[in-house]
Undergrad: 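Let me give you the structure first, and then I'll get to my questions.
These numbers come from the heavy atoms of this one structure, side chains and all, not from hydrogens, waters or symmetry mates. The chains referred to below are lettered A, B, ... by the order of the sequence lines, with proteins before strands, and numbering in each begins at 1.
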Amino acid sequence: MANNIQSIRGMHDILPDSTPLWQHFEKIVRTLLGNYGYNEIRMPLVEQTDLFKRAVGEVTDIVEKEMYILENRKDSEGSEPFSMALRPEGTAGCVRAGIQAGLIFNQQQRLWYAGPMFRAERPQKGRYRQFTQIGVETFGFAGPDIDAELIAISARLWKQLGLRNIHLEINSLGTLEARQAYRQLLVDYFSDQQELLDEDSKRRLHTNPLRILDSKNPAMRELVAAAPNLHEHLDTESAEHFSQLQSLLDGMGIPYRLNPRLVRGLDYYSRTVFEWVTDELGSQGTVCAGGRYDGLVEQLGGRPTPACGFAMGVERLILLLETQNIPTPATAPDLFMIMAGDKAIQAGLGFAEQLRDNLPDLRLVSNCGGGNFKTQMKRADKSGAAFALILGENEIERGEIGLKPLRTKGEQINLPFSSLTAHLSQLLENAKQH
RNA sequence: GUGACUGUAGCGCAGUUGGUAGCGCACUGGAUUGUGAUUCCGGUGGUCGUGGGUUCGAGUCCCAUCAGUCACCCCA
């Protein structure tokens with residue numbers, strides 16, 4: 001025990017206990033995104049470090065202290081080694097891929113991706129060093145209709161998953177220019193009152209001044225309340241965009257809360273930003289977040305292209321599904337085949353394959369590893385199977401196989417080999433209807 | 001990164017002022033020589049997260065370290 005190697009801090013296994021829930025979740029997301037006309041894209045887990053610096057922002061926590069950085073090895077051609085990083089988020093790589101492949105050159109794209117991201121933060125429940133995001137990105141749509149579509153997708157997803165108690169908050173940061181101007185205004189305001197700022201806020205003055213507005217420190221409340229108001233400094237186009245989005249959401253019947261202090265941490269956001277939050281996961285309550293990033297494509301070397309997207313934290317949503325006790329579709333087998341004696345094993349494994357030929361959807365577990373009837377019955381029960389198929393010396397001699405219900409009261413019956421497929425197919429049909 | 005709490009069998013937990021470990025579930029054998037889940041009886045399983053220290057003696061006290069959890073920070 002003592003010297004066993006452990007998984008790396010903040011990086012966890014997803015064990016067979018929870019993979020059915022993950023698969024259920026992934027299936028719903030995949031289908032939903034496909035239905036809305038989104039196409040999957042898959043990017044490498046590793047990119048040049050510079051990509052993240054340029055996209056996410058040099059002075060964000062993510063690039064300053066949370067990236068896993070490695071050095072690319074020299075190849076045989078003698079090319080120079082360079083810095084690369086495990087991706088801390090997906091948007092940067094997606095934009096890079098889109099530009100590189102010419103996907104977002106003067107055209108519309110609806111894309112999604114899923115996979116692990118890496119940030120060297122201090123782990124907590126709902127916050128891991130390797131975590132899974134499903135990201136949805138759109139390119140070439142300038143209007144608020146796509147913002148509304150993205151929000152509608154996420155809202156529908158919660159509904160399909162059966163999740164409750166997730167609330168939508170929205171805000172607008174204005175264009176990049178308006179945001180920069182407002183940011184300067186804030187920096188000036190807070191710099192004048194520096195002696196009133198707490199430690200965190202002093203630091204934020206350089207990293208993310210908008211963040212000061214969202215300070216949890218009650219001592220900061222008065223100072224924050226008197227600060228310049230973001231919405232009074234929105235450019236008129238952004239204000240118009242934002243109010244159109246609100247009326248679209250109203251029209252779709254999606255409730256939301258205006259949160260003027262909602263600020264996304266990544267530099268590339270502009271105009272619409274939104275978050276889905278729950279109070280059931282402690283301080284990691286943001287379960288999905290996104291917004292518009294109209295400047296990013298150009299900033300990474302592409303043509304100016306409007307863009308909007310969001311990402312959800314899969315671990316957090318899985319946690320929420322678990323805390324809300326949302327049932328997972330059953331994965332138990334239909335049948336467990338018990339075989340006692342060499343003849344029965346010889347015949348039984350043959351039958352099992354025939355059954356699988358005839359009934360492709362059949363979920364059948366064959367007993368392996370021997371054991372007497374009692375042991376095998378226990379295994380059958382533990383497997384969760386609805387029925388046990390029972391094959392011993394007696395059955396072989398009579399040309400029959402036993403079928404015993406394990407979850408209902410009924411009696412065990414014996415069937416001739418020849419009618420087995422027909423009978424089982426009827427059983428499966430009945431089971432489907434319940 | 002800062003502060004706090006926790007770590008005892010596969011899992012969930014108890015262990016008194018320091019005297020070398022126990023319960024439930026799970027697993028397994030039997031009651032039931034070809035039938036599970038229920039019931040009854042028995043059994044396996046722990047260098048007490050790791051490494052040092054104090055002590056005649058440490059699961060218990062001290063230090064360090066690793067991991068988890070909570071809050072902050074940050075974010076999905």
Undergrad: Of the nucleotides U69(B), C74(B), A76(B), which has the atom closest to the Lys125(A) side chain?
TA: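 In terms of side-chain proximity for Lys125(A), the closest of U69(B), C74(B), A76(B) is U69(B).
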Undergrad: Does atom CZ of Arg156(A) have more than 12 heavy-atom neighbours from other groups under 6.0 Å away?
TA: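 Check fails, neighbour count at 12 or below.
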Undergrad: Apply the test side-chain contact (heavy atoms from CB on, under 4.5 Å) to residues Arg129(A) and Glu121(A): give CA-CA distance (whole Å), side-chain angles for both, the deciding distance (0.1 Å), then the verdict.
TA: CA-CA 6 Å; Arg129(A) 292 187 165 186; Glu121(A) 300 177 279; 5.6 Å; no
Undergrad: Just call it for Arg203(A): base, sugar-phosphate, or nothing, with non-hydrogen atoms closer than 4.0 Å on any strand.
TA: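 Sugar-phosphate only.
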Undergrad: Less than 4.0 angstrom between a side-chain N/O of Arg264(A) and OP1 or OP2 of A76(B), yes or no?
TA: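 Affirmative; the distance criterion is met.
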Undergrad: Do any side-chain atoms of residues 10-24 of chain A form donor-acceptor pairs under 3.5 angstrom with protein atoms, and if so which ones, sequence neighbours left out?
TA:
from, atom 1, to, atom 2, distance (Å)
Ser18(A), OG, Leu15(A), O, 3.2
Thr19(A), OG1, Pro16(A), O, 3.2

Undergrad: Please work out whether the ring planes of Phe351(A) and Phe417(A) are parallel, tilted or perpendicular, with thresholds of 30° and 60°.
TA: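 It falls in the tilted class, 30° to 60°.
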Undergrad: May I ask you to evaluate whether Arg204(A) reaches the phosphate of C74(B), defined as a side-chain N or O under 4.0 Å from OP1 or OP2?
TA: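 Answer yes for this pair, as a side-chain N or O of Arg204(A) is under 4.0 Å from OP1 or OP2.
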Undergrad: Name the orientation class of the two ring planes belonging to Tyr293(A) and Phe139(A) (parallel below 30°, tilted from 30 to 60°, perpendicular beyond 60°).
TA: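 If you compare the ring of Tyr293(A) with that of Phe139(A), the planes turn out perpendicular.
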Undergrad: Decide yes or no, distance alone: a donor-acceptor N/O pair under 3.5 angstrom between the base of C75(B) and the side-chain of Arg122(A).
TA: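 In this structure, the two groups form no donor-acceptor pair.
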Undergrad: May I ask you to evaluate whether Arg9(A) reaches the phosphate of G68(B), defined as a side-chain N or O under 4.0 Å from OP1 or OP2?
TA: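 For G68(B), OP1/OP2 do have a side-chain N/O of Arg9(A) under 4.0 Å.
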Undergrad: Considering heavy-atom distances to RNA chain B, does Glu315(A) or Met11(A) have its closest nucleotide positioned more toward the 5' end?
TA: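 Closer to the 5' end of RNA chain B: Met11(A).
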Undergrad: For RNA chain B, what dot-bracket results from Watson-Crick or G-U pairs at under 3.5 Å, with [ ] for crossers and | for inter-strand partners?
TA: (((((((..((((.....[..)))).(((((.......))))).....(((((..]....))))))))))))....
Undergrad: Taking only the side-chain nitrogens and oxygens of His12(A), find out if one of them lies under 4.0 Å from OP1 or OP2 of A67(B).
TA: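 No, outside the criterion.
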Undergrad: For Arg398(A), does the CZ atom sit with more than 12 other heavy atoms under 6.0 Å from it, leaving out its own atoms?
TA: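 Correct, the count exceeds 12.
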Undergrad: Heavy atoms only, 4.0 Å cut-off, all strands: where does Tyr128(A) land among base, sugar-phosphate and nothing?
TA: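 The answer is base, as Tyr128(A) lies within the cut-off (heavy atoms under 4.0 Å) of a base atom.
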Undergrad: Give the B/S/- string for nucleotides 35-43 of chain B, one per nucleotide from 5' to 3', where a protein heavy atom under 4.0 Å of the base yields B, of only the sugar-phosphate yields S, and otherwise -.
TA: BBS------
Undergrad: Which value, in whole Å, describes the distance between the P atoms of nucleotides U28(B) and A37(B)?
TA: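 That atom pair is separated by 11 Å.
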Undergrad: Could you go through the side-chain hydrogen bond (donor to acceptor under 3.5 Å, both in side chains) check for Thr286(A) and Trp276(A) one step at a time?
TA: CA-CA 6 Å; Thr286(A) 302; Trp276(A) 290 92; over 6 Å; no
Undergrad: Could you tell me the separation between the CD atom of Glu26(A) and the CD1 atom of Ile318(A), rounded to the nearest 0.5 Å?
TA: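 The distance works out to 7.5 Å.
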Undergrad: Can you tell me how the ring of Phe118(A) sits relative to the ring of Tyr68(A), calling it parallel under 30°, perpendicular over 60° and tilted otherwise?
TA: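 Correct class here is perpendicular.
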Undergrad: Describe the nucleic acid contact of Gly282(A) in one word from base, sugar-phosphate, nothing, applying a heavy-atom distance below 4.0 Å.
TA: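 Here Gly282(A) touches the backbone only, sparing every base.
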Undergrad: Under 4.0 angstrom, heavy atoms only, what part of the nucleic acid is Gly10(A) near: base, sugar-phosphate, or nothing?
TA: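 Here Gly10(A) touches the backbone only, sparing every base.
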Undergrad: Inspect the surroundings of CD in Gln194(A) and state if more than 12 heavy atoms from other residues, nucleotides or ligands are less than 6.0 Å away.
TA: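 It does: Gln194(A) CD has more than 12 such atoms within range.
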Undergrad: Taking 4.0 Å as the cut-off, does a side-chain nitrogen or oxygen of Ser283(A) come that near to OP1 or OP2 on A71(B)?
TA: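 Yes, because at least one side-chain N or O of Ser283(A) sits under 4.0 Å from OP1 or OP2 of A71(B).
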Undergrad: Tell me what Glu121(A) touches on the nucleic acid: a base, only sugar-phosphate, or nothing, going by heavy atoms under 4.0 Å.
TA: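 Contact class for Glu121(A): base.
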Undergrad: With a 3.5 Å cut-off and just heavy-atom distances, do the side chain of Arg119(A) and the base of C75(B) make a donor-acceptor pair?
TA: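 Side chain to base: no pair present.
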Undergrad: Would you tell me if any nitrogen or oxygen in the side chain of Lys216(A) comes within less than 4.0 Å of OP1 or OP2 on C72(B)?
TA: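 Yes, because at least one side-chain N or O of Lys216(A) sits under 4.0 Å from OP1 or OP2 of C72(B).
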Undergrad: Quick check: on RNA chain B, is the nucleotide nearest Tyr269(A) upstream (toward 5') of the one nearest Ser215(A), or the reverse? Name the residue that is more 5'.
TA: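 It is Ser215(A), whose closest nucleotide lies nearer the 5' terminus.
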Undergrad: Measure the distance from CD on Gln6(A) to P on G51(B) and round it to the nearest whole Å.
TA: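 It is 13 Å, rounded to the nearest whole Å.
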